[in-house]
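Taking it in order: structure first as structure tokens, then the write-up.
Quick note on labels: first sequence line is chain A, next is B, and so on, each numbered from 1.
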Amino acid sequence: MNNVINHVWKQLTQSLRLMVGVPEYSTYIEHMRSAHPGQAIMSQEAFFRERLEARYGSKGRMNRCC
Amino acid sequence: MNQLIKWAGWLLFSLLGAAAIGVIALNRGESISAIWVVIAAVCVYVIAFRFYSQFIANRVLKLDATRMTPAYKYNDGLDHVPTNKYVLFGHHFAAIAGAGPLVGPILAAQMGYLPSMLWLLAGVVFAGAVQDFIILFISTRRHARSLGDLIKSELGYVPGMIALFGTFFIMLILLAVLSLIVVKALAESPWGTFTVAATIPIAMFMGIYSRYLRPCAIAEVSLIGFVLLVLSIVAGQYVQENPVWAAFFTATGEQLTWVLIGYGFIASVLPVWLLLAPRDYLSTFLKIGTIVGLAIGIIIISPELKMPALTQFVDGSGPVWSGDLFPFLFVTVACGAISGFHSLIASGTTPKMIQNEADARFIGYGAMLMESFVAIMALVAASALEPGIYFTMNSPAAIIGTTAESAVQTISQWGFHITPEMIAQTAQNVGEHSIISRTGGAPTLAVGMAQILSDVVGDGAMMAFWYHFAILFEALFILTAVDAGTRAGRFMLQDLLGTFIPAMKQTDSLVASLIATGICVSGWGYFLYQGVIDPLGGINTLWPLFGIANQMLAGIALVLCTCVLFRMKLDRFAWITVIPAIWVYTCTLTAAWQKIFHDNPRIGFLAHAGKYQDAVMQGTVLAPAKSVAQMQQVIFNDYINTVLTTLFMVVLVSMLAFGIRTILQARIVRHPTTSEAPFELLPVYVASEK
């Protein structure tokens, strides 16, 4: 039962973060380690800033609705 | 045996839904409980999802769970990340839910709750959710490309450009109408104005906090922001009671318009981390929280629907907006049943993160059903008000006057019970000076929500708090949309202008971005100002224009879907998008035509211009104009609106022509001609094959 609650809670917080454009940092690290070993990995702060710029900056287009 | 139980279950479920709709439809003159509306809606959604969306997924589109998705192919841990379908559902829903589905049904409630309810249910099942689902599918199979690119690759370069051009004008109208809603809600309300103004320093504090003190702690900073917001609502009451501060925060509609235009300009050139991002956190979480809270409130309280199922205003003579049920109800309800804007979202970030193509059904179709439910809740909140109060709040001053006595006199003649005491009492309950002619939908929703939420928490005493909470909730995400929309419009404009003047394309150039921002802000600012000074409340003109623009985009998206179906050689299933496309086209073109050419000056722009023209000739001055120059301005505005509406019609008709051309070309060829990404296996299946 605790596992289920943990799982749901984790998904909920992931979803809430994704709503404001921030995916999982751990997934990013995992991806960089397995797909591009040796390449520089952004720190969590740099990752956060990059995501902010991507959502609201010139790369970001209309990402919400009326 | 198991099969039998399953089918018996679905049969019972269908019967329950049918019974609920029966209760609503057969009710004669007595008010019914909102729970029947909720049950009917939920049954319709579940059955539609289980059967119709499965039919589209398995028989028509043949979603392939083994097929490569952009999230895996371009995985970078940033934009393209394979994401769990429930997590992505939340993201997608938050992106599509906005003010549209809340305001549309409230305005449409002037015809009674039945027509809007039926269209919200039928529209979402057969049109809106189908559009979202298929666009998401199309984009997922084409490297998660955007709507404009998809149209370019499936229909041709010119229609792609036309669609982009159309999208830009929708943005302008959308931003104008959203700002108008805020202006209408905050005008002459020091409490509301204070709390909304307070969100700016709060957001800036949050921005600095999460930039320099504690980066990445979104939950923490949002929680701090939320507490500050609640405090600002409480403080608002003291502001209102203090004569000096109250005077400072009391603004007329025109003043607020200029403030908002200035705000829009400044906010969209400030660094994003300072204002936009933190306020987006607040507005997104508050939006989701409030929607959940409202759903719980409606189910627990299950208010009586006091609005009749049908009012006499189905004939088009209503005070809130004018025009017959067909086509204007469909244009007014708009977003909750089918929203063209969603095609931009469904071809935006969601397809980049979809883990498996088969999830498109749950995310695309499912999230739109949720959106429709939000619209149903807004309809319930508006219909739960005394109809007399509803019409007091939503009728423009030009029709009911500015005093309680004149409002009571007019509204009683329409056959709705209302007394000056009821008006005064409601205003006092929600902590406002007056509730007469608070048009725009937001104040009505706020009163409705305050009634429901204060029944759950805080008794009647907290009604004023909940009212201002609801106003804040709406203003917050509208302002975020204004800010983000101006920014997006600016980039769109820089892209469009860049085709002709290369220097305009540089998004990091200060001059280029200031020019583009200026054009954008003056574009929506113009329509906003025009709406604010309109004696009929502005909503009367702008909301139908917005609805037409939104439905125009839906028409474009449905044409794209149809073309893709034909190019996939799925001709015999093309009806799933052809029928909604024909309906959307018919409604939108008829509404646009009537907005231009209708004889009634309350509906037709040309008739309205003609009326003022005649007055100018006779040398009389018609309200709201105070001079001949202002009369000329009103006439000029009518012509601008006419040109804009004509533009929408031209876009629609030309997209139809390009669509038909594409379909005919596809019919000649015997094999599929789509530009899908070539088939590849998903990595998980590649591993299992080895």
Keeping the roles fixed (side chain from B:His91, backbone from A:Leu18), state whether a donor-acceptor pair exists under 3.5 Å.
yes
Reported OH-to-CG distance for the pair A:Tyr56 and B:Asp280, which is rounded to 0.5 angstrom:
3.5 Å
Under a 3.5 Å distance rule, please check whether A:Arg17 uses its side chain to pair with a backbone N or O of B:Ile218 as donor and acceptor.
no
Please classify the contact of B:Asn84 with chain A as side chain, backbone, both or neither, using a heavy-atom distance under 4.5 Å.
side chain
Is chain A contacted by the side chain of B:Thr83, its backbone, both, or neither, given a heavy-atom distance below 4.5 Å?
side chain
Leading residue by heavy atom contact count with chain A [cutoff under 4.5 Å; candidates B:Arg487, B:Met353, B:Arg211, B:Gln494]:
B:Arg211
When the 4.5 angstrom heavy-atom criterion is applied to A:Tyr28 and chain B, the contacting part is both
Engaged part of B:Ile288 at the chain A interface, taking heavy atoms whose separation is under 4.5 Å
side chain
Taking the basic N atoms (NZ, or NE/NH1/NH2) and the acidic carboxylate oxygens, is any pair closer than 4.0 Å for B:Asp79 and A:Arg55?
no
Need one label for B:Tyr281: side chain, backbone, both or neither, based on atoms under 4.5 Å from any heavy atom in chain A.
both
Taking side chain as C-beta onward, heavy atoms only, is B:Tyr86 less than 4.5 Å from A:Val8?
no
Would you say B:Tyr209 has more than 12 foreign heavy atoms packed within less than 6.0 Å of its OH?
yes
